[in-house]
Amino acid sequence: MRIAVTIFLTDQTITPVRLARELEERGFSGLYLPEHTHIPVERATPYPAGGELPPEYGRTLDPFVALGQASAVTENLHLGTGITLVAQRDPIDLAKQIATLDHLSGGRFTLGLGYGWNKEEAADHGVAWATRRELVRDRMALMRALWADQPTSYEGEFGSVKASYAFPKPARNGAPRTLIGGAAGPKLFAAVAEYADGWLPIGGRGLTESLPVLRRAWEDAGRDVRDLQIVPYAVLPAPGKLAHYAELGIEEVVLQLPPADETGVLKVLDEYAAYL
C-alpha cells in the first residue's frame, strides 16, 4: 500500500521544499495539498467537523505554487490536490496550471477536486451554491477540451472555449488522474463514475458499506471496476485501519499531518514511518 500525506501548509508551517525532500527521502509516495482562497470573517456556514474553524484554513498556501516548489526538489514524489475548488477557479487558467505542473513534474500530478463547503467563500467567487456541482462538471469538460490532442471547442451551460492551441498537455492522454472528494451519496458517485478515476473519501469511514454502492454506479456507467481507484484521505492511521483498507483492495492512503512547524511535522513523520 502506498502511503501519502496531506497537510495544511501555511505561512507558519514547515515549507513545501523542506517537507517534499523529507517525504521523498523517507519513502512516502505523495503529497496532497488543500486550498482555500480566503475565509470571510462573517461566516454562517458551520465548520463540517464541528466546533470552531481552525486558523490554518485562513492561512493556506496556494496549492499549485507550493506543489511547483515540491516538484522542483523531488524526482519520484507524487503530487496532488485535496482538494481543488474547481468552481472557484477560471477553468482556462486552471487547465493551464494543471497541465504545466503535470508536464514539469513528469506526470506526477493528481487532480483531487471537490465542491466546497463554505458558502461565503464560494459566493465571493460568484458561485451560485445550488448549481455548484453542475458548474464543476461543466468546467471539467471545458478543461478536457483544452487538454485534447487536437484543438477542440466546448460550449457548456456555464462557459465555453473556442478550438484552441493549448500546450503543454497533461502527461496522460486527456487529463491527469482525477479523484473527487466528498461524502458518499448518489450525486457524488454519479459524478465519480462520469468524469473521474476514483473517489477521495475524507477520513475513510464507512467504506465497507459505500464501496459496493460506488462500484455499482461505476459499472452502470459502463466502466471497468478494475479501473476504479479509492484513496482514503486525511486519515489518522492505526494498524487495524490500514489492514482493513488493504482487505478492501485499497492501494493508496493519504495520512493527515498537523499544520505544524518543521520540528512538529518531522516528529509525526517519524511516527508514521511504522506504516511504510
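Side-chain atoms are counted along with the backbone in the values below, which use heavy atoms only and exclude waters and symmetry mates. Just so it is clear, the model here is predicted, and its values are computed rather than measured.
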Please check if the number of heavy atoms outside [X] that lie under 6.0 Å from its [atom1] is greater than 12.
X	atom1	result
Arg137	CZ	no
Arg205	CZ	no
His244	NE2	yes
Lys119	NZ	no

Cation-pi geometry met for Arg132 and Trp129 (6.0 Å, 45°): yes

Lys169 NZ/CZ over Phe167 ring centroid, <6.0 Å and within 45° of normal: yes

Counting only N and O atoms by type, is there a donor-acceptor contact under 3.5 Å from the side chain of [X] to the main-chain atoms of [Y]?
X	Y	value
Asp138	Phe158	yes
Glu35	Thr81	no
Tyr272	Gln256	yes
Thr100	Lys96	yes
Trp199	Gln229	no
Thr15	Arg18	yes
His125	Gln88	yes
Arg133	Tyr115	no
Arg108	Leu77	yes

To check you understand the geometry: which heavy-atom pair defines the closest contact between [X] and [Y], and what is its length?
X	Y	answer
Ile39	Arg43	CG2-NE, 4.2 Å
Val127	Ala87	CG2-O, 3.3 Å
Asp197	Pro176	OD2-O, 3.9 Å
Thr13	Thr10	OG1-N, 3.0 Å
Ala171	Gly107	CB-CA, 3.5 Å
Thr74	Ala20	CG2-O, 3.6 Å

Quick check on the hydrophobic clustering: are [X] and [Y] connected, directly or via other members, by side-chain heavy-atom contacts under 4.5 Å?
X	Y	value
Leu67	Phe28	yes
Val268	Ile3	yes
Leu19	Leu276	yes
Leu33	Leu94	yes
Ile202	Tyr47	no

Polar contact flag, side-chain donor to acceptor under 3.5 angstrom, Thr6-Tyr233: yes

Among Leu113, Val192, Thr84, side-chain contact (heavy atoms from CB on, under 4.5 Å) partner for Thr178: Leu113

Is the closest side-chain heavy-atom distance between [X] and [Y] below 4.5 Å?
X	Y	value
Ile180	Ile83	no
Ser71	Phe109	no
Pro239	Tyr275	yes
Leu135	Arg139	yes
Thr131	Glu157	no
Asp261	Ile14	no

Can you tell whether the side chains of [X] and [Y] come within less than 4.0 Å, N to carboxylate O?
X	Y	value
Arg89	Asp62	yes
Glu252	Arg177	yes
Glu219	Arg215	no

Could you tell me the separation between the [atom1] atom of [X] and the [atom2] atom of [Y], rounded to the nearest 0.5 Å?
X	Y	atom1	atom2	result
Leu211	Leu207	CG	CG	5.0 Å
Met140	Trp147	CE	CH2	5.0 Å
Ser153	Leu146	OG	CG	10.5 Å
Leu142	Thr152	CG	OG1	11.0 Å
Leu242	Glu247	CG	CD	11.5 Å
Leu269	Glu262	CG	CD	10.5 Å

Stepwise side chain to side chain contact (heavy atoms under 4.5 Å, CB included) check, Ile230 with Leu214: CA-CA 10 Å; Ile230 310 297; Leu214 174 54; 3.5 Å; yes

Plane angle bin for Phe8 and His36 - parallel if under 30°, tilted between 30 and 60°, otherwise perpendicular: parallel

Verdict with reasoning, Glu120 to Thr45, per side chain to side chain contact (heavy atoms under 4.5 Å, CB included): CA-CA 7 Å; Glu120 289 76 21; Thr45 309; 2.6 Å; yes

Trace of the side chain to side chain contact (heavy atoms under 4.5 Å, CB included) decision for Val265 with Glu22: CA-CA 10 Å; Val265 169; Glu22 285 287 339; over 6 Å; no

Steps toward side chain to side chain contact (heavy atoms under 4.5 Å, CB included) verdict (Arg26, Asp270): CA-CA 9 Å; Arg26 292 165 181 256; Asp270 289 339; 2.7 Å; yes

